[in-house]
Peer 1: 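The structure follows.
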Protein chains: 2
Amino acid sequence: MNGPATFSPLYRQIKSLITDRLQAGEWKPGEAIPSETDLAQRFGVSQGTVRKAIDELAGENLLVRRQGKGTFVASHREARAQFRFLRLRPDEGEAVQPESTVLECRRLRAPIEIARRLEMRPGDSAVLVQRRLSFSGEATVLDSIWLPGAPFKGLTAERLDAYHGPLYGLFEAEFGVRMIRCEERLRAVAADAQAVELLGVAPAEPLLLVDRTSYTYGDRPVEVRRGLYVTRRMHYHNELS
Amino acid sequence: MNGPATFSPLYRQIKSLITDRLQAGEWKPGEAIPSETDLAQRFGVSQGTVRKAIDELAGENLLVRRQGKGTFVASHREARAQFRFLRLRPDEGEAVQPESTVLECRRLRAPIEIARRLEMRPGDSAVLVQRRLSFSGEATVLDSIWLPGAPFKGLTAERLDAYHGPLYGLFEAEFGVRMIRCEERLRAVAADAQAVELLGVAPAEPLLLVDRTSYTYGDRPVEVRRGLYVTRRMHYHNELS
DNA sequence: TAGTGGTCTAGACCACATA
DNA sequence: ATGTGGTCTAGACCACTAG
(Lines give C-alpha, C1' and ligand atoms only; values in the text may rest on other atoms or scores of the structure.)
Protein backbone atom coordinates (compact mmCIF):
# COMPACT_ATOMS: atom_id res chain seq x y z
CA MET A 1 0.00 0.00 0.00
CA ASN A 2 3.02 2.26 0.41
CA GLY A 3 4.19 1.70 -3.13
CA PRO A 4 6.72 4.33 -4.09
CA ALA A 5 5.66 4.11 -7.73
CA THR A 6 2.82 6.56 -7.23
CA PHE A 7 3.66 9.48 -5.02
CA SER A 8 0.29 10.43 -3.61
CA PRO A 9 -1.41 10.33 -0.23
CA LEU A 10 -2.65 7.00 1.00
CA TYR A 11 -6.29 8.01 0.75
CA ARG A 12 -5.85 8.83 -2.93
CA GLN A 13 -4.38 5.41 -3.57
CA ILE A 14 -7.40 3.92 -1.81
CA LYS A 15 -9.63 6.14 -3.89
CA SER A 16 -7.96 4.85 -7.00
CA LEU A 17 -8.46 1.24 -5.90
CA ILE A 18 -12.16 1.88 -5.34
CA THR A 19 -12.48 3.64 -8.69
CA ASP A 20 -10.84 0.68 -10.39
CA ARG A 21 -13.43 -1.65 -8.91
CA LEU A 22 -16.23 0.67 -9.95
CA GLN A 23 -14.87 0.82 -13.48
CA ALA A 24 -14.53 -2.98 -13.57
CA GLY A 25 -18.20 -3.23 -12.66
CA GLU A 26 -17.51 -5.12 -9.45
CA TRP A 27 -20.19 -3.02 -7.76
CA LYS A 28 -23.07 -2.01 -10.03
CA PRO A 29 -25.01 1.27 -10.03
CA GLY A 30 -27.57 1.29 -7.25
CA GLU A 31 -25.79 -1.39 -5.24
CA ALA A 32 -24.07 -0.88 -1.90
CA ILE A 33 -20.32 -1.10 -1.64
CA PRO A 34 -18.73 -2.75 1.41
CA SER A 35 -18.75 -0.80 4.66
CA GLU A 36 -15.94 1.56 5.54
CA THR A 37 -14.58 -0.77 8.22
CA ASP A 38 -14.71 -3.70 5.81
CA LEU A 39 -12.79 -1.77 3.14
CA ALA A 40 -10.32 -0.52 5.74
CA GLN A 41 -9.50 -4.11 6.71
CA ARG A 42 -9.20 -5.25 3.10
CA PHE A 43 -6.84 -2.43 2.22
CA GLY A 44 -4.95 -2.54 5.50
CA VAL A 45 -5.55 1.11 6.42
CA SER A 46 -7.56 2.88 9.05
CA GLN A 47 -11.26 3.55 8.65
CA GLY A 48 -10.61 7.29 8.55
CA THR A 49 -8.43 6.91 5.49
CA VAL A 50 -11.09 4.95 3.63
CA ARG A 51 -13.56 7.56 4.74
CA LYS A 52 -11.57 10.36 3.15
CA ALA A 53 -11.33 8.43 -0.11
CA ILE A 54 -15.08 7.87 -0.14
CA ASP A 55 -15.62 11.52 0.74
CA GLU A 56 -13.96 12.57 -2.50
CA LEU A 57 -15.80 9.98 -4.57
CA ALA A 58 -19.10 11.11 -3.07
CA GLY A 59 -18.13 14.70 -3.88
CA GLU A 60 -17.63 13.67 -7.49
CA ASN A 61 -21.06 12.01 -7.52
CA LEU A 62 -19.64 8.55 -8.10
CA LEU A 63 -20.89 7.28 -4.75
CA VAL A 64 -23.81 8.23 -2.56
CA ARG A 65 -23.71 7.94 1.22
CA ARG A 66 -26.83 7.07 3.17
CA GLN A 67 -26.49 7.25 6.91
CA GLY A 68 -27.41 4.05 8.64
CA LYS A 69 -27.69 2.14 5.38
CA GLY A 70 -24.37 2.23 3.62
CA THR A 71 -22.56 3.74 0.66
CA PHE A 72 -24.04 3.12 -2.78
CA VAL A 73 -22.85 3.35 -6.35
CA ALA A 74 -24.51 6.40 -7.91
CA SER A 75 -27.04 5.71 -10.63
CA HIS A 76 -28.65 7.90 -13.27
CA ARG A 77 -31.92 6.11 -12.56
CA GLU A 78 -32.66 7.98 -9.39
CA ALA A 79 -34.79 11.00 -8.69
CA ARG A 80 -31.88 13.05 -7.38
CA ALA A 81 -29.88 12.61 -10.59
CA GLN A 82 -32.66 13.34 -13.06
CA PHE A 83 -31.87 16.99 -13.68
CA ARG A 84 -28.16 16.96 -13.09
CA PHE A 85 -27.43 16.71 -16.82
CA LEU A 86 -30.54 18.45 -18.15
CA ARG A 87 -30.46 22.09 -17.21
CA LEU A 88 -33.59 23.17 -19.03
CA ARG A 89 -36.24 24.51 -16.68
CA PRO A 90 -39.58 26.25 -17.12
CA ASP A 91 -39.56 30.01 -16.55
CA GLU A 92 -42.48 29.54 -14.18
CA GLY A 93 -43.34 26.54 -12.05
CA GLU A 94 -41.64 23.29 -11.22
CA ALA A 95 -39.41 21.23 -13.47
CA VAL A 96 -41.25 18.51 -15.35
CA GLN A 97 -40.06 15.31 -16.99
CA PRO A 98 -39.83 15.51 -20.77
CA GLU A 99 -41.31 12.97 -23.14
CA SER A 100 -38.82 11.64 -25.68
CA THR A 101 -39.52 10.82 -29.34
CA VAL A 102 -36.83 8.92 -31.19
CA LEU A 103 -36.64 10.21 -34.73
CA GLU A 104 -33.77 8.11 -35.93
CA CYS A 105 -31.17 5.58 -34.80
CA ARG A 106 -28.56 4.73 -37.41
CA ARG A 107 -25.18 3.07 -37.46
CA LEU A 108 -22.67 4.74 -39.73
CA ARG A 109 -19.04 5.66 -40.08
CA ALA A 110 -17.90 8.42 -37.74
CA PRO A 111 -17.32 11.72 -39.51
CA ILE A 112 -13.88 13.12 -38.92
CA GLU A 113 -14.84 15.68 -36.29
CA ILE A 114 -16.94 13.22 -34.29
CA ALA A 115 -14.14 10.67 -34.47
CA ARG A 116 -11.69 13.25 -33.19
CA ARG A 117 -13.87 14.18 -30.25
CA LEU A 118 -14.62 10.56 -29.36
CA GLU A 119 -10.96 9.61 -29.79
CA MET A 120 -11.81 7.09 -32.50
CA ARG A 121 -10.39 6.63 -35.97
CA PRO A 122 -12.36 8.37 -38.74
CA GLY A 123 -14.56 5.76 -40.37
CA ASP A 124 -14.96 3.67 -37.22
CA SER A 125 -18.46 2.49 -36.49
CA ALA A 126 -20.67 4.99 -34.70
CA VAL A 127 -24.30 5.34 -33.72
CA LEU A 128 -26.32 8.46 -34.45
CA VAL A 129 -29.49 8.97 -32.46
CA GLN A 130 -31.83 11.83 -33.22
CA ARG A 131 -34.60 12.57 -30.79
CA ARG A 132 -37.01 15.27 -29.79
CA LEU A 133 -37.90 16.19 -26.23
CA SER A 134 -41.26 17.69 -25.37
CA PHE A 135 -42.19 19.31 -22.09
CA SER A 136 -45.90 19.28 -21.30
CA GLY A 137 -46.55 18.46 -24.92
CA GLU A 138 -44.41 21.29 -26.28
CA ALA A 139 -41.56 20.33 -28.60
CA THR A 140 -38.51 21.96 -27.05
CA VAL A 141 -35.27 20.08 -27.71
CA LEU A 142 -33.80 18.51 -30.81
CA ASP A 143 -30.84 16.26 -29.94
CA SER A 144 -28.28 14.70 -32.24
CA ILE A 145 -26.36 12.14 -30.24
CA TRP A 146 -23.18 10.41 -31.43
CA LEU A 147 -21.92 7.30 -29.67
CA PRO A 148 -19.01 4.95 -30.38
CA GLY A 149 -20.32 1.83 -32.13
CA ALA A 150 -18.45 -0.83 -30.18
CA PRO A 151 -19.71 -0.33 -26.63
CA PHE A 152 -23.18 0.50 -27.88
CA LYS A 153 -23.67 -2.60 -29.98
CA GLY A 154 -27.34 -3.53 -29.93
CA LEU A 155 -28.67 -0.01 -29.48
CA THR A 156 -31.73 0.38 -31.70
CA ALA A 157 -34.69 2.71 -32.04
CA GLU A 158 -36.93 -0.01 -30.62
CA ARG A 159 -34.71 -0.34 -27.57
CA LEU A 160 -34.80 3.40 -27.08
CA ASP A 161 -38.56 3.58 -27.49
CA ALA A 162 -39.10 0.79 -24.98
CA TYR A 163 -37.10 2.59 -22.31
CA HIS A 164 -38.58 5.37 -20.24
CA GLY A 165 -36.40 7.64 -18.20
CA PRO A 166 -33.10 9.40 -18.72
CA LEU A 167 -30.93 8.12 -21.54
CA TYR A 168 -27.91 7.81 -19.27
CA GLY A 169 -29.90 5.40 -17.11
CA LEU A 170 -30.34 3.14 -20.12
CA PHE A 171 -26.68 3.44 -21.02
CA GLU A 172 -25.45 2.42 -17.58
CA ALA A 173 -27.95 -0.43 -17.19
CA GLU A 174 -27.83 -1.95 -20.68
CA PHE A 175 -24.40 -1.07 -21.97
CA GLY A 176 -22.33 -0.65 -18.83
CA VAL A 177 -21.33 2.87 -19.83
CA ARG A 178 -21.62 5.33 -16.96
CA MET A 179 -21.48 9.04 -17.73
CA ILE A 180 -19.44 10.84 -15.11
CA ARG A 181 -19.18 14.40 -16.30
CA CYS A 182 -19.87 16.60 -19.33
CA GLU A 183 -18.40 19.67 -20.92
CA GLU A 184 -20.84 21.94 -22.72
CA ARG A 185 -20.42 24.83 -25.11
CA LEU A 186 -23.43 27.09 -25.46
CA ARG A 187 -24.21 29.59 -28.17
CA ALA A 188 -27.16 31.24 -29.88
CA VAL A 189 -27.95 30.24 -33.44
CA ALA A 190 -30.74 30.75 -35.95
CA ALA A 191 -33.14 27.86 -36.54
CA ASP A 192 -32.32 25.89 -39.69
CA ALA A 193 -34.81 24.08 -41.93
CA GLN A 194 -34.67 20.89 -39.87
CA ALA A 195 -35.36 22.75 -36.65
CA VAL A 196 -38.24 24.59 -38.26
CA GLU A 197 -39.75 21.30 -39.37
CA LEU A 198 -39.18 19.25 -36.25
CA LEU A 199 -39.60 21.85 -33.52
CA GLY A 200 -42.25 23.95 -35.23
CA VAL A 201 -40.37 27.21 -34.73
CA ALA A 202 -40.24 30.17 -37.10
CA PRO A 203 -37.46 30.27 -39.70
CA ALA A 204 -34.32 31.84 -38.22
CA GLU A 205 -35.81 31.92 -34.74
CA PRO A 206 -33.00 32.17 -32.17
CA LEU A 207 -32.27 28.82 -30.56
CA LEU A 208 -29.83 27.81 -27.86
CA LEU A 209 -27.23 25.42 -29.22
CA VAL A 210 -25.75 23.14 -26.57
CA ASP A 211 -22.73 21.18 -27.73
CA ARG A 212 -21.80 18.52 -25.22
CA THR A 213 -18.99 16.03 -24.77
CA SER A 214 -19.60 13.38 -22.11
CA TYR A 215 -16.93 11.40 -20.30
CA THR A 216 -16.87 8.11 -18.47
CA TYR A 217 -14.29 6.61 -16.07
CA GLY A 218 -10.76 7.68 -16.85
CA ASP A 219 -12.01 10.79 -18.63
CA ARG A 220 -12.67 8.83 -21.79
CA PRO A 221 -15.12 10.65 -24.10
CA VAL A 222 -18.07 8.42 -24.99
CA GLU A 223 -20.73 10.79 -26.28
CA VAL A 224 -21.00 13.87 -28.44
CA ARG A 225 -24.35 15.57 -28.29
CA ARG A 226 -25.62 18.61 -30.15
CA GLY A 227 -28.90 19.96 -28.80
CA LEU A 228 -31.09 22.77 -30.10
CA TYR A 229 -33.21 24.25 -27.31
CA VAL A 230 -36.29 26.42 -27.77
CA THR A 231 -36.00 29.00 -25.00
CA ARG A 232 -39.27 30.86 -25.30
CA ARG A 233 -40.86 29.51 -22.13
CA MET A 234 -37.91 27.62 -20.72
CA HIS A 235 -34.31 28.52 -19.95
CA TYR A 236 -30.98 26.87 -19.31
CA HIS A 237 -30.28 27.10 -15.62
CA ASN A 238 -26.79 27.39 -14.20
CA GLU A 239 -25.25 28.03 -10.82
CA LEU A 240 -21.86 29.67 -10.46
CA SER A 241 -19.88 29.43 -7.27
CA MET B 1 -20.07 25.69 22.36
CA ASN B 2 -22.53 22.84 22.96
CA GLY B 3 -25.54 25.12 22.90
CA PRO B 4 -28.69 23.10 22.46
CA ALA B 5 -30.40 26.05 20.71
CA THR B 6 -29.03 25.07 17.31
CA PHE B 7 -29.10 21.39 16.66
CA SER B 8 -26.23 20.91 14.26
CA PRO B 9 -22.80 19.29 14.39
CA LEU B 10 -20.12 21.18 16.22
CA TYR B 11 -18.12 21.80 13.07
CA ARG B 12 -21.10 23.52 11.48
CA GLN B 13 -21.44 25.80 14.45
CA ILE B 14 -17.75 26.63 14.10
CA LYS B 15 -18.28 27.18 10.38
CA SER B 16 -21.06 29.58 11.19
CA LEU B 17 -18.86 31.48 13.64
CA ILE B 18 -16.17 31.84 11.00
CA THR B 19 -18.71 32.94 8.39
CA ASP B 20 -20.02 35.58 10.80
CA ARG B 21 -16.53 37.01 11.20
CA LEU B 22 -16.02 37.00 7.43
CA GLN B 23 -19.31 38.79 6.93
CA ALA B 24 -18.42 41.33 9.60
CA GLY B 25 -15.23 42.08 7.70
CA GLU B 26 -13.00 41.04 10.59
CA TRP B 27 -10.72 39.35 8.07
CA LYS B 28 -10.54 41.05 4.67
CA PRO B 29 -10.26 39.44 1.22
CA GLY B 30 -6.68 38.40 0.55
CA GLU B 31 -5.74 38.34 4.24
CA ALA B 32 -4.88 35.25 6.25
CA ILE B 33 -7.22 34.05 8.96
CA PRO B 34 -5.78 32.65 12.22
CA SER B 35 -4.23 29.19 12.10
CA GLU B 36 -6.32 26.10 12.73
CA THR B 37 -4.74 25.51 16.12
CA ASP B 38 -5.31 29.13 17.10
CA LEU B 39 -8.99 28.97 16.12
CA ALA B 40 -9.36 25.61 17.88
CA GLN B 41 -8.15 27.17 21.13
CA ARG B 42 -10.38 30.22 20.73
CA PHE B 43 -13.46 28.14 20.12
CA GLY B 44 -12.57 25.44 22.62
CA VAL B 45 -12.70 22.56 20.18
CA SER B 46 -10.14 20.25 18.66
CA GLN B 47 -8.10 21.22 15.64
CA GLY B 48 -9.79 18.52 13.57
CA THR B 49 -13.18 20.11 14.11
CA VAL B 50 -11.97 23.52 12.97
CA ARG B 51 -10.38 21.79 10.05
CA LYS B 52 -13.65 20.29 8.92
CA ALA B 53 -15.38 23.67 9.16
CA ILE B 54 -12.65 25.27 7.05
CA ASP B 55 -12.84 22.36 4.60
CA GLU B 56 -16.43 23.25 3.82
CA LEU B 57 -15.73 26.96 3.55
CA ALA B 58 -12.84 26.26 1.18
CA GLY B 59 -15.16 24.03 -0.84
CA GLU B 60 -17.55 26.96 -1.17
CA ASN B 61 -14.70 29.19 -2.32
CA LEU B 62 -14.97 31.49 0.67
CA LEU B 63 -11.52 30.54 1.93
CA VAL B 64 -8.38 29.38 0.17
CA ARG B 65 -5.88 27.06 1.81
CA ARG B 66 -2.19 27.36 1.04
CA GLN B 67 -0.01 24.65 2.51
CA GLY B 68 2.74 25.96 4.69
CA LYS B 69 1.41 29.52 4.54
CA GLY B 70 -2.04 29.58 6.03
CA THR B 71 -5.71 29.93 5.13
CA PHE B 72 -6.76 33.08 3.32
CA VAL B 73 -9.99 34.91 2.63
CA ALA B 74 -10.82 34.38 -1.03
CA SER B 75 -10.68 37.44 -3.26
CA HIS B 76 -11.98 38.20 -6.72
CA ARG B 77 -8.72 40.00 -7.42
CA GLU B 78 -6.71 36.86 -7.97
CA ALA B 79 -5.75 35.01 -11.09
CA ARG B 80 -7.49 31.83 -10.04
CA ALA B 81 -10.86 33.60 -9.64
CA GLN B 82 -10.81 35.60 -12.86
CA PHE B 83 -12.92 33.27 -14.96
CA ARG B 84 -15.09 31.73 -12.28
CA PHE B 85 -17.94 34.12 -13.00
CA LEU B 86 -17.22 34.81 -16.67
CA ARG B 87 -17.80 31.68 -18.66
CA LEU B 88 -17.22 33.11 -22.10
CA ARG B 89 -14.29 31.50 -23.88
CA PRO B 90 -12.86 31.67 -27.37
CA ASP B 91 -13.67 28.71 -29.61
CA GLU B 92 -9.96 28.41 -30.38
CA GLY B 93 -7.02 29.34 -28.20
CA GLU B 94 -6.61 30.48 -24.64
CA ALA B 95 -8.96 32.66 -22.64
CA VAL B 96 -8.06 36.34 -22.75
CA GLN B 97 -8.95 39.23 -20.48
CA PRO B 98 -11.67 41.49 -21.84
CA GLU B 99 -11.43 45.27 -22.00
CA SER B 100 -14.37 47.06 -20.43
CA THR B 101 -16.04 50.24 -21.69
CA VAL B 102 -18.49 51.91 -19.35
CA LEU B 103 -21.38 53.29 -21.37
CA GLU B 104 -23.46 54.61 -18.53
CA CYS B 105 -23.68 54.76 -14.74
CA ARG B 106 -26.91 56.23 -13.42
CA ARG B 107 -28.72 56.34 -10.12
CA LEU B 108 -32.46 55.89 -10.41
CA ARG B 109 -35.47 54.33 -8.74
CA ALA B 110 -35.58 50.56 -8.95
CA PRO B 111 -38.19 49.25 -11.39
CA ILE B 112 -40.60 46.83 -9.81
CA GLU B 113 -39.02 43.66 -11.17
CA ILE B 114 -35.50 44.69 -10.21
CA ALA B 115 -36.73 45.65 -6.75
CA ARG B 116 -38.37 42.27 -6.36
CA ARG B 117 -35.24 40.41 -7.34
CA LEU B 118 -32.99 42.54 -5.13
CA GLU B 119 -35.47 42.31 -2.26
CA MET B 120 -35.86 46.09 -2.15
CA ARG B 121 -38.95 48.24 -2.19
CA PRO B 122 -40.00 49.49 -5.63
CA GLY B 123 -38.74 53.03 -5.97
CA ASP B 124 -35.73 52.52 -3.71
CA SER B 125 -32.49 53.97 -4.98
CA ALA B 126 -30.60 51.75 -7.41
CA VAL B 127 -27.57 52.03 -9.67
CA LEU B 128 -27.68 51.02 -13.32
CA VAL B 129 -24.36 50.36 -15.02
CA GLN B 130 -24.16 49.66 -18.71
CA ARG B 131 -20.92 48.45 -20.13
CA ARG B 132 -19.46 46.70 -23.11
CA LEU B 133 -16.80 44.02 -23.01
CA SER B 134 -14.41 43.48 -25.89
CA PHE B 135 -12.15 40.51 -26.36
CA SER B 136 -9.08 41.19 -28.48
CA GLY B 137 -10.77 44.35 -29.69
CA GLU B 138 -13.98 42.62 -30.66
CA ALA B 139 -17.18 43.91 -29.01
CA THR B 140 -18.76 40.82 -27.51
CA VAL B 141 -20.80 41.49 -24.39
CA LEU B 142 -23.36 44.14 -23.52
CA ASP B 143 -24.09 44.17 -19.78
CA SER B 144 -26.87 45.94 -17.89
CA ILE B 145 -26.05 45.76 -14.21
CA TRP B 146 -28.46 46.72 -11.43
CA LEU B 147 -27.18 47.28 -7.91
CA PRO B 148 -28.88 48.44 -4.71
CA GLY B 149 -28.14 52.13 -4.15
CA ALA B 150 -27.31 52.08 -0.45
CA PRO B 151 -24.27 49.77 -0.30
CA PHE B 152 -22.98 51.13 -3.60
CA LYS B 153 -23.05 54.80 -2.65
CA GLY B 154 -20.21 56.54 -4.43
CA LEU B 155 -20.11 54.27 -7.45
CA THR B 156 -19.60 56.44 -10.52
CA ALA B 157 -18.56 56.01 -14.13
CA GLU B 158 -15.23 57.64 -13.29
CA ARG B 159 -14.63 55.15 -10.51
CA LEU B 160 -15.44 52.31 -12.85
CA ASP B 161 -13.20 53.67 -15.60
CA ALA B 162 -10.31 54.07 -13.18
CA TYR B 163 -10.47 50.45 -12.08
CA HIS B 164 -8.98 47.67 -14.14
CA GLY B 165 -9.86 44.08 -13.45
CA PRO B 166 -13.00 42.18 -12.62
CA LEU B 167 -15.95 44.23 -11.38
CA TYR B 168 -16.41 41.99 -8.37
CA GLY B 169 -12.87 42.83 -7.31
CA LEU B 170 -13.83 46.51 -7.20
CA PHE B 171 -17.03 45.73 -5.32
CA GLU B 172 -15.29 43.79 -2.58
CA ALA B 173 -12.43 46.26 -2.21
CA GLU B 174 -14.31 49.54 -2.42
CA PHE B 175 -17.79 48.71 -1.20
CA GLY B 176 -17.27 45.68 1.02
CA VAL B 177 -19.71 43.64 -1.00
CA ARG B 178 -18.41 40.16 -1.75
CA MET B 179 -20.18 38.08 -4.38
CA ILE B 180 -20.41 34.48 -3.27
CA ARG B 181 -22.49 32.74 -5.89
CA CYS B 182 -24.70 33.46 -8.89
CA GLU B 183 -27.73 31.94 -10.53
CA GLU B 184 -27.97 32.35 -14.28
CA ARG B 185 -30.74 31.82 -16.78
CA LEU B 186 -29.65 31.46 -20.38
CA ARG B 187 -31.69 31.78 -23.51
CA ALA B 188 -31.31 32.71 -27.16
CA VAL B 189 -32.79 36.00 -28.35
CA ALA B 190 -32.71 38.18 -31.45
CA ALA B 191 -30.53 41.30 -31.34
CA ASP B 192 -32.53 44.45 -30.65
CA ALA B 193 -31.74 47.94 -31.92
CA GLN B 194 -29.48 48.74 -28.98
CA ALA B 195 -27.45 45.57 -29.46
CA VAL B 196 -27.15 46.27 -33.18
CA GLU B 197 -25.81 49.72 -32.41
CA LEU B 198 -23.49 48.90 -29.53
CA LEU B 199 -22.25 45.46 -30.52
CA GLY B 200 -22.23 45.98 -34.26
CA VAL B 201 -24.20 42.84 -35.00
CA ALA B 202 -26.77 42.32 -37.73
CA PRO B 203 -30.42 43.09 -36.92
CA ALA B 204 -32.10 40.05 -35.34
CA GLU B 205 -28.81 38.19 -35.10
CA PRO B 206 -29.12 35.43 -32.48
CA LEU B 207 -27.50 36.43 -29.19
CA LEU B 208 -27.06 34.58 -25.94
CA LEU B 209 -28.99 36.29 -23.16
CA VAL B 210 -27.52 35.63 -19.71
CA ASP B 211 -29.74 36.78 -16.87
CA ARG B 212 -27.87 36.64 -13.59
CA THR B 213 -28.72 37.16 -9.94
CA SER B 214 -25.72 37.40 -7.61
CA TYR B 215 -25.73 36.72 -3.89
CA THR B 216 -23.51 37.75 -1.02
CA TYR B 217 -23.25 36.37 2.53
CA GLY B 218 -26.51 35.02 3.88
CA ASP B 219 -27.80 34.48 0.36
CA ARG B 220 -28.79 38.11 0.05
CA PRO B 221 -29.21 39.16 -3.61
CA VAL B 222 -27.08 42.20 -4.40
CA GLU B 223 -26.85 42.27 -8.18
CA VAL B 224 -29.08 41.69 -11.17
CA ARG B 225 -27.23 41.49 -14.46
CA ARG B 226 -28.54 41.05 -17.96
CA GLY B 227 -25.84 40.26 -20.51
CA LEU B 228 -26.08 39.88 -24.27
CA TYR B 229 -23.26 37.72 -25.63
CA VAL B 230 -22.16 37.51 -29.24
CA THR B 231 -21.35 33.83 -29.72
CA ARG B 232 -19.89 33.79 -33.19
CA ARG B 233 -16.29 33.13 -32.20
CA MET B 234 -16.78 32.57 -28.49
CA HIS B 235 -19.02 30.30 -26.44
CA TYR B 236 -20.35 29.96 -22.92
CA HIS B 237 -18.47 27.15 -21.26
CA ASN B 238 -20.01 24.92 -18.64
CA GLU B 239 -19.04 21.76 -16.82
CA LEU B 240 -21.64 19.33 -15.54
CA SER B 241 -20.82 16.75 -12.92
C1' DT C 1 -30.13 -5.16 18.92
C1' DA C 2 -26.76 -4.80 15.49
C1' DG C 3 -24.70 -2.53 11.66
C1' DT C 4 -23.92 1.59 9.05
C1' DG C 5 -22.30 6.19 8.28
C1' DG C 6 -21.34 10.81 11.02
C1' DT C 7 -18.86 13.37 14.58
C1' DC C 8 -15.20 14.50 17.77
C1' DT C 9 -10.97 13.96 19.93
C1' DA C 10 -5.79 13.56 20.72
C1' DG C 11 -1.57 12.76 19.08
C1' DA C 12 2.07 11.66 15.74
C1' DC C 13 4.24 12.62 11.72
C1' DC C 14 4.79 14.62 6.76
C1' DA C 15 5.11 18.44 3.25
C1' DC C 16 5.75 23.11 2.38
C1' DA C 17 7.08 28.00 3.15
C1' DT C 18 9.72 31.35 5.48
C1' DA C 19 13.15 33.35 8.26
C1' DA D 1 14.25 26.08 13.19
C1' DT D 2 9.58 27.22 13.32
C1' DG D 3 4.92 27.55 11.94
C1' DT D 4 1.53 26.38 8.66
C1' DG D 5 -1.67 23.12 6.46
C1' DG D 6 -1.97 17.84 5.09
C1' DT D 7 -2.15 12.99 6.33
C1' DC D 8 -2.90 8.97 9.18
C1' DT D 9 -4.21 6.54 13.12
C1' DA D 10 -7.10 4.69 17.07
C1' DG D 11 -10.82 4.97 19.77
C1' DA D 12 -15.15 6.73 21.68
C1' DC D 13 -19.58 8.04 20.98
C1' DC D 14 -23.84 9.76 18.21
C1' DA D 15 -27.61 9.29 14.60
C1' DC D 16 -29.99 6.62 11.58
C1' DT D 17 -31.89 2.21 9.56
C1' DA D 18 -33.60 -2.24 9.67
C1' DG D 19 -34.67 -6.80 11.37
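All values derive from a computational prediction rather than experimental measurement. Naming: A, B, ... by sequence-line order, numbering from 1 per chain. Below, all heavy atoms of this structure are taken into account, side chains as well, without hydrogens, waters or symmetry copies.
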Peer 1: Whole angstroms only, please: what is the NZ-C1' distance between B/Lys52 and C/dT9?
Peer 2: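 Spelled out: NZ on B/Lys52 to C1' on C/dT9 is 13 Å.
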Peer 1: Expressed in angstrom and rounded to an integer, what is the separation of A/Gln47 atom CD from D/dT7 atom C1'?
Peer 2: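 The answer, rounded to whole Å, is 15 Å.
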Peer 1: Using whole Å, report how far CG of B/Leu39 lies from P of D/dG3.
Peer 2: 17 Å
Peer 1: Closer than 3.5 angstrom, by distance alone: can the side chain of A/Arg187 be matched with the main-chain N or O of B/Thr231 as a donor-acceptor pair?
Peer 2: yes
Peer 1: Please state how far atom CD in A/Gln13 lies from atom C1' in C/dC14, giving the value in whole angstrom units.
Peer 2: 14 Å
Peer 1: Side chain of B/Glu36: nearest nucleotide among D/dA10, D/dG5, C/dG5?
Peer 2: D/dG5
Peer 1: Just N and O in the side chain of A/Lys69: are any of them under 4.0 Å from OP1 or OP2 of D/dA18?
Peer 2: yes
Peer 1: For a quick check of understanding: with a heavy-atom distance under 4.0 Å over all strands, which category does B/Arg51 fall into, base, sugar-phosphate or nothing?
Peer 2: base
Peer 1: Is it the case that over 12 heavy atoms from other parts of the model lie below 6.0 angstrom from the CZ atom of B/Arg181?
Peer 2: yes
Peer 1: Is the phosphate of C/dT9 approached by B/Thr49 (side-chain N or O, under 4.0 Å from OP1 or OP2)?
Peer 2: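 True: B/Thr49 side-chain N/O within range (under 4.0 Å) of C/dT9 OP1/OP2.
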Peer 1: Tell me the partner of C/dG3, counting only Watson-Crick (N1-N3 plus N6-O4 or O6-N4) or G-U wobble (N1-O2 and O6-N3) with both under 3.5 Å; none if nothing fits.
Peer 2: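 Base-paired to D/dC16.
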Peer 1: Taking the six-membered ring of A/Tyr168 (Phe, Tyr or Trp), confirm whether the NZ or CZ of A/Arg178 is under 6.0 Å from its centre and within 45° of its axis.
Peer 2: no
Peer 1: Okay, side chain of B/Arg87, backbone of B/His237: is any donor-acceptor separation there less than 3.5 Å?
Peer 2: yes
Peer 1: Between C1' on C/dC8 and NZ on B/Lys15, what's the gap in Å once rounded to a whole number?
Peer 2: 18 Å
Peer 1: For B/Arg65 and C/dA17, give me the distance from atom CZ to atom C1', rounded to whole Å.
Peer 2: 16 Å
Peer 1: Just the rounded figure in Å: distance from P of D/dT4 to CG of B/Leu63.
Peer 2: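 Taking CG of B/Leu63 and P of D/dT4, I get 16 Å after rounding.
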Peer 1: Taking the cut-offs as 6.0 angstrom to the six-membered ring centre and 45 degrees off its axis, would you call A/Arg66 and A/Phe72 a cation-pi pair?
Peer 2: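 Relative to the ring axis of A/Phe72, which defines the angle, A/Arg66 lies inside both limits.
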Peer 1: Between C/dG6, C/dC16, C/dC8, spot the one nearest the side chain of B/Gln67, thanks.
Peer 2: C/dC16
Peer 1: Considering only side-chain heavy atoms of A/Pro9, which listed nucleotide, D/dC8, C/dT7, D/dG6, is closest?
Peer 2: D/dC8
Peer 1: Which of these nucleotides, C/dT18, C/dC8, C/dG6, is closest to any side-chain atom of B/Ser46?
Peer 2: C/dC8
Peer 1: What's the CD-C1' distance between B/Gln41 and C/dA10, to the nearest Å?
Peer 2: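 Taking CD of B/Gln41 and C1' of C/dA10, I get 14 Å after rounding.
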